[in-house]
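These notes are about the structure you will find just below.
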Amino acid sequence: MRHLISPLDFSVEELDKLINLAYDIKDNPAKYAHTCDGRILATCFYEPSTRTRLSFESAMLRLGGKTLGFASADSSSAAKGESVSDTISVISGYADICAMRHPKEGAPLVASIHSTIPVINAGDGGHQHPTQTLTDLLTIHSLNGEIKNLTIGLCGDLKFGRTVHSLITALVRYENIKFILISPEELKVPSYIRQLLIDKNIPFEEVVTLDDSMSKLDILYMTRVQRERFFNEEDYLRMKDFYILDKAKMALAKENMLVLHPLPRVNEISVEVDNDPRAAYFKQAKFGVYIRMALILTLLEIEV
Ligand code: NCD
């Protein structure tokens with residue numbers, strides 16, 4: 001039995017397969033509409049979510065399966081003090097596969113150890129978010145044609161932004177990828193991510209201003225300052241509007257640069273950018289359903 005806890009749980013070849021399956025699902029939805037008949041997905045979300053939880057549920061429903069779950073820790077027995085390992089032991093009897101989001105780093109990993117069904121990490125604290133990475137990879141592949149020879153700027157909260165950590169972790173295995181890491185001094189990537197880039201000999205720079213890098217980028221991955229991970233509100237307020245991508249900044253960028261954002265957005269992308277053909281974040285959210293459908297089929301070992 002397989003789980004998806006880290007972006008490295010799938011090899012590049014397996015990711016290619018998953019992306020191709022997602023394309024086939026997108027092009028032939030009827031072929032997949034009953035592939036999960038009789039199967040149940042549990043969504044155990046101990047932290048807020050819109051896209052991840054609903055795209056998982058949409059994915060399972062579009063495959064013919066059913067879903068159950070909870071959308072906050074308050075509405076689960078976690079509020080009574082139940083451990084993640086006890087919860088997953090029970091859910092293993094209620095569902096065939098489980099997507100779990102938790103504020104504690106490593107909680108989905110703990111769940112996977114105690115589970116008899118596949119567990120998917122749907123975001124663990126400020127650590128990793130591998131299914132957002134699958135979404136990001138499909139988006140890049142689809143809109144750019146390939147995942148190589150790219151200068152990727154990641155901008156915003158690189159310290160607590162788990163989507164950033166997972167995307168970098170996955171992308172270091174692709175050919176000729178360069179990173180420009182754009183963040184305030186206090187929100188630079190954690191040292192384990194910097195060390196990964198050094199160990200893999202991946203070219204990267206860490207800078208503070210966005211303007212100077214705009215013209216070099218093939219992809220700009222914007223992120224929200226992760227308020228819920230800050231220790232005090234004062235620091236959050238100081239940092240929250242550090243970067244605002246607007247029309248003036250977009251004018252500095254390549255004509256075919258893609259703007260991605262895992263969403264939700266707060267202020268970091270001005271709504272005036274939404275109509276720019278380079279703004280790809282809403283398309284990106286839609287790709288999340290196809291790749292999660294592909295993931296569910298793969299982890300349940302359902303051949304179509
Ligand atoms: C991200 C997350 O939860 O980490 N959202 C998402 O899953 N699309 C990004 C964020 O919350 O800023």
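Note that ligands are numbered from 1 as they come in the structure, with each ligand's atoms numbered from 1 the same way.
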Within-shell test, G123 vs ligand 1, heavy atom, strictly < 4.0 Å: no
Taking only non-hydrogen atoms of E47, do any sit less than 4.0 angstrom from ligand 1? no
If you have a sec, work out which protein heavy atom is nearest atom 4 (O) of ligand 1 and how many Å separate them, to one decimal? R162 NE, 2.7 Å
Provide, to 0.1 Å, the distance between atom 5 (N) of ligand 1 and the closest protein heavy atom, together with that atom's residue and name. L263 O, 2.9 Å
Heavy-atom contacts with [X] under 4.0 Å: which atoms of ligand 1 show up? List them by number with element.
| X | answer |
| --- | --- |
| R224 | 10 (C), 11 (O), 12 (O) |
| Q226 | 10 (C), 12 (O) |
| T52 | 6 (C), 7 (O) |

[Y] versus [X], side-chain donor and acceptor atoms under 3.5 Å:
| X | Y | value |
| --- | --- | --- |
| E175 | N149 | no |
| R224 | H261 | no |
| T163 | Q132 | no |
| S58 | R62 | yes |

Do any N/O atoms on E228 end up under 3.5 angstrom from N/O atoms on ligand 1? no
Kindly assign one of parallel, tilted or perpendicular to the pair Y46 and F70, based on the angle between their ring planes and the thresholds 30° and 60°. perpendicular
Quick one: side chain to side chain donor-acceptor pair (under 3.5 Å) partners of N20, sequence neighbours excluded? none
